[in-house]
Structure formats: C-alpha cells, structure tokens
Number of protein chains: 2
Amino acid sequence: MKYKESHTLILNNIARFIDLTELEKQKYLSLLTEIKVKKKAFLMQAGDVAKYEYFITKGCLKVYTLDEDGAPHISMFAVEDYWTGDIASFMMKKPTPYFIKATEHSELLGISRANYDLLFQEIPKFEKFYRILYQKSLISYIQRSNHGISLTAEERYIEFKRKYPQIVNRITQKDLAGYIGITPEFMSKIISKVNRM
Amino acid sequence: MKYKESHTLILNNIARFIDLTELEKQKYLSLLTEIKVKKKAFLMQAGDVAKYEYFITKGCLKVYTLDEDGAPHISMFAVEDYWTGDIASFMMKKPTPYFIKATEHSELLGISRANYDLLFQEIPKFEKFYRILYQKSLISYIQRSNHGISLTAEERYIEFKRKYPQIVNRITQKDLAGYIGITPEFMSKIISKVNRM
DNA sequence: GAAAAAAAATGAACTAGTTTAAGACTTTTA
DNA sequence: TAAAAGTCTTAAACTAGTTCATTTTTTTTC
C-alpha cells in the first residue's frame, strides 16, 4: 500500500522496533492528528496541559523553559523524524513548564492522550515500541546529563556538532547557547576559538 | 503466598505498574539471580559488558565514570528499591564506561540478558512494566539534564537534598561533589554556607 | 585502641563563564 | 526597499567554581 510522505516517515520510524500488519498500520494512522505550525508559532506554552505527543515530519522546533530571570534554557531541538512533547505533562495531565516554538514552518503528527491509551489496548505491540523508544531516549539523556555536569562548555559544543551536524546549521547561535547552557556572548567566543583551531 | 523480604520488595516494586498472578510471580522470581557485594567491592568495572540489570534490596552503591584526568563523575547513587546497571552496555552488549561500587554492604537481584529477553516472551505484561519504568526514568533524567545545565552548584545541592533526603546522609561529601559536578572543596564551602543560612 | 588512611575544612591564587555595553551585520516586516 | 528588530562580535570588569597546599577531624584497619 502506498502512503503519503509523512505517513511513510512515521511508519518507518516505528518499523525500527516492531513489525505491523497493513491493518495495524491503518488503524495506527487513524489515531493520529495532522498539525501544522508556522515559523515562530507555539505548539505548547508553559501552563498548558500537553494534549499530544508529537512526531515531526517537516521543519524544526525548539523546546525550552524560561527561568525566574526570563532567560531561556533550551532542552531540545526537534527536526524531521524526531519525537517531541512534554511526556510528564502528557502522562500526568499536569501543567507543563515548557514552551515549544517552531523555528521553521513545521508539520507534525500528534497522538492524543486518549488515543495513546487506546493504542496499547488495540495494538499491544506498541508497548514494545514505546519500551524500546523510551529505553533509547533514556540512554541518550543519561549521557547528556553526565556531559552537562562533567564537560566544559567548549567540549559540549564540539560534542553537539559531532552528534547533530544536520541541526547546527538550522538554528541560531543564540539558541545553541541556550541549549549548551551559556550566554550568547560566550558562545560567540567559543565558536570563533574552535573555528580558529 | 509468603515470600522472603527481598522478593516481596521487588514484587511490590513491579506491582506499582502491572498485576501478576501467583504463577507469573514465581516464574519471574525464578529468572533472577541473588548477588551480594561487600563495601568497596565492584559490581561492574569500565570495560566489562554488563551481564545484569540490578534491583537493590539492601545497601547503597555509586555509579561513576573516570575522566581522562582520573577524576570521578558520579551519575547516580542507588539504594534499596532502586534499579541500576548500564542499560546501554546491557542491551548492545558493548563495553561499559561505568564503575559500580558498593558504598555499603549491599544485596541485589540481577536479571541476565538472556532472562530479560525470555521475560518478554513468557510474560508479555513486562513490556508494559518496562515501558512505564523507562518512561518515569526518562522524565527524571530530562529534568536532571536541564538542571545540570541551568542551575548553579548551590541550587543543585539544595535540589538533591530536597529530592533525596534519605540518600544525603548515607554518602560522603566527596561523592556528593562528584555527583553535583564540583570539587570536594567547593562542596564543603557550599554546605557550610547553606547550613549557615 | 593505636596507627594509618581517608574525608572535611579553610584560604589564597587562578580560570571558565557572566554581565554590561556598544557597534556591525542580517533578517523580517510594513 | 527602508526601517525596525533581532543576531553576532568584541572588550572590560566581574563572579562562580577550580587548584593547590595545609591542618583538623573522622573512619578504617590491624
């Protein structure tokens, strides 16, 4: 069966961990909602309860919090083939501390909380899919939380460039600074230093 | 049915997310290995392939890496009712960068990789258990990786004390410094400052 | 329970990263 | 397409956290 591009992308993402029959694929796709966000528009704002978990089929978004001084701390950038959202807010139905803003015109597939619960009843294989997906995310967050504490800002920048070369060129230096955990001024210094090396 | 203390502890831990029949409980327990480690002994050393994922029934352990300069970076403390190990090494059968050392005489239940795989075949409910366990761990690592980058050392210390009051008193200040990501000297200063407040 | 080893405290000199401010460059918007 | 808004660069003064060295206190070991 032939699917549209965004559906092929999400089905391939899922096929990394589990095999679905045609019928299951169609059932799964029927549980998703298509969402478009313009550049600079918000997908989520602090105080909201997360209505969806998102899969990005096109574009780029940043997930961030604002601290007491109003300074942004970016926790992730999400591009095509990535999952994003606030899983704590989504699961516990409590207000999120996050903002999610499109840095490019973006297209997403969202699964609502009701459909997420339904999914496990209708296609129990998805327990395995999410078990493995969360396991992999966990592995990378464990690494990131250690790096955040044990590496210098310069090392974190070099590591980010090595790990996400496709993202570096799509985001501003200022946002990258917000992710690395330093000021834009210091980010500028690091970049000119690293480029000089 | 009456179980020994360590078995009751792990069964209660699992019962937070899934219900098992008596038969399933017995099957599950049969897949576990009992492990004891003396204070200062290693459960795992860098270069090993992780043979088990562990549940702690008694004691306290620290999980850490050594950087190029030989300085320890502690990624977690594990006490009774906690799960630990190196999930990346365990899953991918590749060498671990971690050391796991008992800071007290400790007792654990381990599940081997072969039995972990068997578990999902024999009791598919465990997909759900691990899906939720990994989801919860993910939520706390997401928070920790953000805090590691956006909070000051003093704030991280206060946060650790608030979140793990039962652990603070069981570990040395030096190890806590290795977890917070600062030198023992600076940890000492922070503690005397915070206590003075 | 004495001796040895490890942990904790303190202080002075140092470095990674911040703050503030100002000018140049780039992108967005009317 | 001009003006406004946002991003990037540079630099000087500052602060959070490190390093090194020494002393005191606590824990471990025989």
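In the text below, chain A, chain B and the rest are named by the order of the sequence lines, each starting its count at 1. Only a predicted model underlies this, so the values are computations on that prediction, with no experimental measurement involved.
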In terms of side-chain heavy atoms of [X], which of [options] is nearest?
{"X": "A:K39", "options": "C:dT28, D:dT18, D:dA12", "answer": "C:dT28"}
{"X": "B:S188", "options": "C:dA9, C:dG17, D:dT28", "answer": "C:dA9"}
{"X": "B:E185", "options": "C:dT18, C:dA7, D:dC20", "answer": "D:dC20"}
{"X": "B:Q173", "options": "C:dA8, D:dG17, D:dT18", "answer": "C:dA8"}
{"X": "B:K40", "options": "D:dA12, D:dT29, C:dA21", "answer": "D:dT29"}
{"X": "A:R156", "options": "C:dG17, D:dT10, D:dA16", "answer": "C:dG17"}
{"X": "A:K174", "options": "C:dA21, D:dC8, D:dG17", "answer": "D:dC8"}

Within the supplied structure, the quantity of interest is the number of heavy atoms (other residues, nucleotides, ligands) at a distance under 6.0 Å from B:D67 CG; does it exceed 12?
yes
Determine whether the aromatic ring centres of residues B:Y64 and B:Y98 are separated by less than 6.0 angstrom.
no
What is the distance from [atom1] of [X] to [atom2] of [N], rounded to the nearest Å?
{"X": "B:F186", "N": "C:dA7", "atom1": "CZ", "atom2": "P", "value": "21 Å"}
{"X": "B:I180", "N": "D:dA16", "atom1": "CD1", "atom2": "P", "value": "17 Å"}
{"X": "A:E155", "N": "C:dG17", "atom1": "CD", "atom2": "P", "value": "9 Å"}
{"X": "A:K62", "N": "D:dG6", "atom1": "NZ", "atom2": "C1'", "value": "11 Å"}
{"X": "B:I182", "N": "C:dA8", "atom1": "CD1", "atom2": "P", "value": "12 Å"}
{"X": "A:D175", "N": "D:dG6", "atom1": "CG", "atom2": "P", "value": "13 Å"}
{"X": "A:E104", "N": "C:dT27", "atom1": "CD", "atom2": "P", "value": "14 Å"}
{"X": "A:M187", "N": "C:dT18", "atom1": "CE", "atom2": "P", "value": "11 Å"}

How would you label the contact of A:T152 with the nucleic acid (heavy atoms, under 4.0 Å): base, sugar-phosphate, or nothing?
sugar-phosphate
Just call it for B:T172: base, sugar-phosphate, or nothing, with non-hydrogen atoms closer than 4.0 Å on any strand.
sugar-phosphate
Are any of A:T183's side-chain N or O atoms less than 4.0 Å away from OP1 or OP2 of C:dG17?
no
Does the A:K125 side chain pair with the main chain of A:D19, one donor and one acceptor, at a distance under 3.5 Å?
yes
Salt bridge (charged side-chain N to carboxylate O under 4.0 Å, His left out) with A:E159: which of A:K161, A:R156, A:R162?
A:R162
If we ignore angles and hydrogens, is there a donor and acceptor under 3.5 Å between the side chains of A:E185 and A:S188?
no
